[in-house]
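Letters go in sequence order (proteins before strands), and every chain restarts at 1. On a predicted model such as this, the values are computed, not experimentally measured, just so you know. Below, each value reflects all heavy atoms present in this structure, side chains not excepted, and no hydrogens, waters or symmetry copies.
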Amino acid sequence: MDLNIIIGIILTVMALSTVVILTLWSRRIIERIHARSPGSLRKIQKDIINGDGA
Amino acid sequence: MATGPEKESKTEHHKISTEFSRNLTLLQITMMGVGMMIGAGVFLGVGNAMKVAGPGGVILTFALNAVIALFTAMSYAELSSAIPKAGGAYNFARIAFGRGTSFIAGWMEWFASSVAGSLYAVTFALYTVHYLTQLGIIQASGFQLILVEKGAAILIAGFFIYINYRGASETGTMGTIFTLGQTVSLAFIALVGIATAIADPARLANFQPFLPNGWDKLLITMGFTYVAFEGFEVIAQAGDEAIEPRRNLPKAMIYSILIVVFTYVGVAFAAIVGVKDIGQPAWIWIGSYGGKGFGEAISQLMPSYGSILVTITVIFASTSALNATIYSATRASYALGRDRMLPGAFSWLHPKRRTPYMALLFTGGIVISVASFLPTIDVASSASMMFLFLFFLVNFCVIRVRRQMGDEMTYGFVMPLFPIPPIAAILIQATLAVWLIHMSPIAWVVGPTWVVSGIVIYRFYSKQRARRTEDEIVVLKEQPIPSKDEYRILVSLANPANAVPLALNCYKFCQAKGDRTEIEVINMVPVPSQVPLSEASKYSHAGEEAIIEAMLYLAPRYKFGSTMRYCRNVARGIISAAAQHKADLLIMGWQGYRRKGFSLGSTVDPVLERATCNVAVFKDCKQQKNMNVLVPFAGGPNATFALETASIMVEQDGGRIIVFHVAPPGKPTQDIDAFLDEIAPQLKVPRSLFESKYAISRERLKTILEETKHYDLVIIGATRDPLFRQRVMGSLPEILARHCKKPLVMVKAKHHIRSLIKRWM
C-alpha cells in the first residue's frame, strides 16, 4: 500500500478521534462546572485541582 | 423575575418588569450552527478541493480542518460562556482589546457574513441551474449558462433580502427541521457510499493516487474550504435567546463541529467511491466539474435519484444559510451604526416592519455585488479568508481575557489544554490565510482591502464619533428558577379589550385553587430577528395597558406579577415563559379567526401542541353567567381537564354541566355516567353537577353545533393530532371551535415528552 495512504489514514483517524475526545472532554467540563455553579477561573481551577471539577 | 437591562414601569401599586424570551433550546442552537456550516462549503468544496489535492486530500482537508475549527470553537465556547450576550466577536474584542479592535471585529464580521451569503446564493444558483440544464430547460431558453447562474444568484439573494426586510426569518423549530433534513440527507448519502464500497471494494482504487499533487496542496484546500466550518458566530449571536446560555452555547458550538465533520468526511468518501467506469482517474473527473463535482459524483453513486436528492439538499441548505447570514450581517452593521462607529443611518428601524432597513440595504448591496462580479472560487476564498481573520482575532481574545480578567468573569466552560488550542489555531489559521493566495489572488486583494479600509474608517471617522458603550456589555442574567409552592397561573395578554374577561376567568380558577394561587400576567412583544433583543426596549409597549387592566381585578386578591417579554416569535415566547415560570395553567384568549394554513391561529396552534402545562384558550368569553355548560365528550386525554374547567366555570349556584356524546350509527356509545362517577370525587365536585346526554348521528360536527345553541358556554378538549395532520385533514374540536357561535373554552391537559437525544445533549 502507498505510504501516503497509510499516513493519510492514520492522520484522518487521529483527527476524527481528537474531535471526539475533545468534544466529550469539553462536555464533561461543562457538566462538572454546572453541577456546582459557574464561577471565576480561579474557582474552577481550584475545583479541578481538588478533583471536584473537570 | 426580570432579567438583564430591564425597565420597570410603575403603576400605583405594582411594577411591570421586562424580560427577554429565552426559548432557543440546545438542539435548536446546535442546528443553527450546523445549518450555517452545511450551507455551501461541502457542496462547492468537494469538487474544487479534489482538483487541487486529490481524493485523499479531500478527506484529510475536512478532517484536519475540523480539528482547527474545534480549537477555535472552544475559544468561542469559553468566551460565550463568560459573555453570553448577542454580539459574538464584536463583544469579545471590546472586552479584550477595546473599542478599536472591536470595530474591526464587527467590520470583518459584517463582510464575512455578507460574503458567506454571496457564496450560498452562488451555490444555490450553480446546483439549481445545473439540474435545470440536465432537464434541458436552460438550453431551450437560449441564455448563456453563466448569465443564468448569476441571474439566479441575484434573484435568490434579492428574495431573502426582501424576506429580511419584511422581518420574517426561519429560526427556531422550522430552521431546526430544515437543518435536520439536510443533515439526514447527507448522512444517507454517506451511508450509501460506505455500503457501495463494502459491496464493491474495487471502488476503493479511486483513492489512488492518494495525494497526486503532494502534501503542500492540503494547505490550499484547507484554507479554501474553511468556510464550511463557520457557524459558531451565529451560535454566539444567540446569547440573549438561548436557554441556559452558559451551559448550552459552548455545548452547541462543540457539538456542531462533531456533527459536521463526520457528515463531511462521509459525503466526501461517498463522492470518491461513487464514480466508476469513467475512463479517467475519479479525482480528475470529479475535479473537472469544479463546484458541481460533488453533485456529479453523487449522481453516479445513485443514478436514479442522486441528482434530485443533492439538488433538493443544496436548495434547503443554501437558502436557510443565506437567510441566516443576511440577518447576521445586518445585525453586525446595525450594531456598528447603533454605537455610531458607522453613520447612524445603519441603526434606523423601519417604523412598521421594525427592521434595520438601511443596514439591510448595505448588506444586500455587498451580497449581490460579490455574487455578481466575483467568480465562485474567489467568492468562497474571500469568505474563508474573512472568517480566518475573524477567528484569528477571537483566539487572541480568549487568551487575553483569561490572562487579564479570568477572575472577574463567570465561566460556564473553560477549555482543556489551554493555551495550546488557541495558539495552535492562530498559527495554523495564519498559514492557511497566506496559502490561500495560491487558490485565489483576488481573495488576497478583497480581504485585506476590507480590513485596511476598516482601519482607515475607524481612525478618521468612528474613533471621534463612537459612543461610550463599554458599560452596555451587560450579561443578561438567567431567569432564576422559581420555587414551587403555589398553583401558578400564567395569563398571556395580547390586547386591552380582552384583558378584563381573561382576568375574570382567571379569577374563577384562582377561587377554585385557593389562596396559594400565584398569577403571572405576561405580554409578548415580538422583535424581528434582525434586531438584537437587547434593543427591544425601543418598541412601544402596547401591552402595558392590557396588563394594568388585568391588575385591577387580580392584584388586590392574589399574589400577582406582570412581565413584558421580548421575543422573536409570540408562540415560542409563550411556551418558554410557561416552562420557565413552571406554570400549572396557561390562560390565553383567541379572537375566533385564523390565518390561512392554521387550525386556530399561528399563536394558538403551537401553544396547544407544545406547552407543557395545562392550557385554556378562551373565545368570546365575556362577563356572562354560565348557567348551562356543554362539554362535548369523546373520552380523549383532555376530557378530565375539560370537566374540571367546566366545574370551575359553571355558575356555582344552580348551574349545570351537560356532558354530550355523539356516536355514529351502529357504533357503541361511550359510558359517560361511569366516567363521571369515577371523575367527580377526584375533582371534589358533587356528581349532581353533571348530566349525561347522548345522540346518534352520522354528522357529529353538525349535531354538536346544533346542540351548542342551547348553552351559555362550550368547553372542549383540543385534539391530540399533530399540527401537520390538523392543517391537512382538519380535526373536529378545532373545526367546532371555529364555527361555534357561543362562548367557548378549548382546553389541553399537560404532557411531558423528552427524547433520548435531548436527554444525552
Q: Of the backbone (N, CA, C, O) and the side chain (C-beta and beyond), which part of Ile254(B) lies under 4.5 Å from a heavy atom of chain A, both, or neither?
A: both
Q: Working to the nearest 0.5 angstrom, can you tell me the gap between Thr23(A) OG1 and Met253(B) CE?
A: 14.0 Å
Q: Enter the distance from Ile44(A):CD1 to Met409(B):CE here, rounded to the nearest 0.5 Å.
A: 11.5 Å
Q: Can you check whether anything in residues 399-407 of chain B gets within less than 4.5 Å of chain A, heavy-atom wise, and list it by number?
A: Arg402(B), Gly406(B), Asp407(B)
Q: Of all of Leu60(B), Ile59(B), Val261(B), which one pairs up most often with chain A through heavy atoms under 4.5 Å apart?
A: Leu60(B)
Q: Could you walk me through whether Leu22(A) and Phe71(B) satisfy the side chain to side chain contact (heavy atoms under 4.5 Å, CB included) test, starting with their C-alpha distance in whole Å, then the side-chain angles of each, then the deciding distance to 0.1 Å, before giving a yes or no?
A: CA-CA 9 Å; Leu22(A) 284 177; Phe71(B) 287 168; 3.7 Å; yes
Q: Over all heavy atoms of both residues, which pair between Ala66(B) and Val19(A) is shortest? Give the atoms and the distance, please.
A: CB-CG2, 4.0 Å
Q: When heavy-atom pairs shorter than 4.5 Å are enumerated against chain B, which of Arg42(A), His34(A), Met14(A) gives the highest number?
A: His34(A)
Q: Report the distance from atom CG of Asn4(A) to atom CZ of Phe207(B), rounding to the nearest 0.5 Å.
A: 14.0 Å
Q: Which region of Phe62(B), side chain (C-beta onward) or backbone (N, CA, C, O), has a non-hydrogen atom less than 4.5 Å from a non-hydrogen atom of chain A, or is it both or neither?
A: neither
Q: Check whether Val20(A) gets within reach of chain B through its side chain, its backbone, both or neither, counting any heavy atom under 4.5 Å.
A: both
Q: Going from CG on Leu258(B) to OG on Ser26(A), what distance comes out if it is rounded to the nearest 0.5 angstrom?
A: 10.5 Å
Q: Which donor-acceptor pairs under 3.5 Å do the side chains of residues 410-426 of chain B make with protein atoms, sequence neighbours left out?
A:
none

Q: Would you compute the distance between atom CG of Leu64(B) and atom OG1 of Thr12(A) and round it to the nearest 0.5 angstrom?
A: 7.0 Å
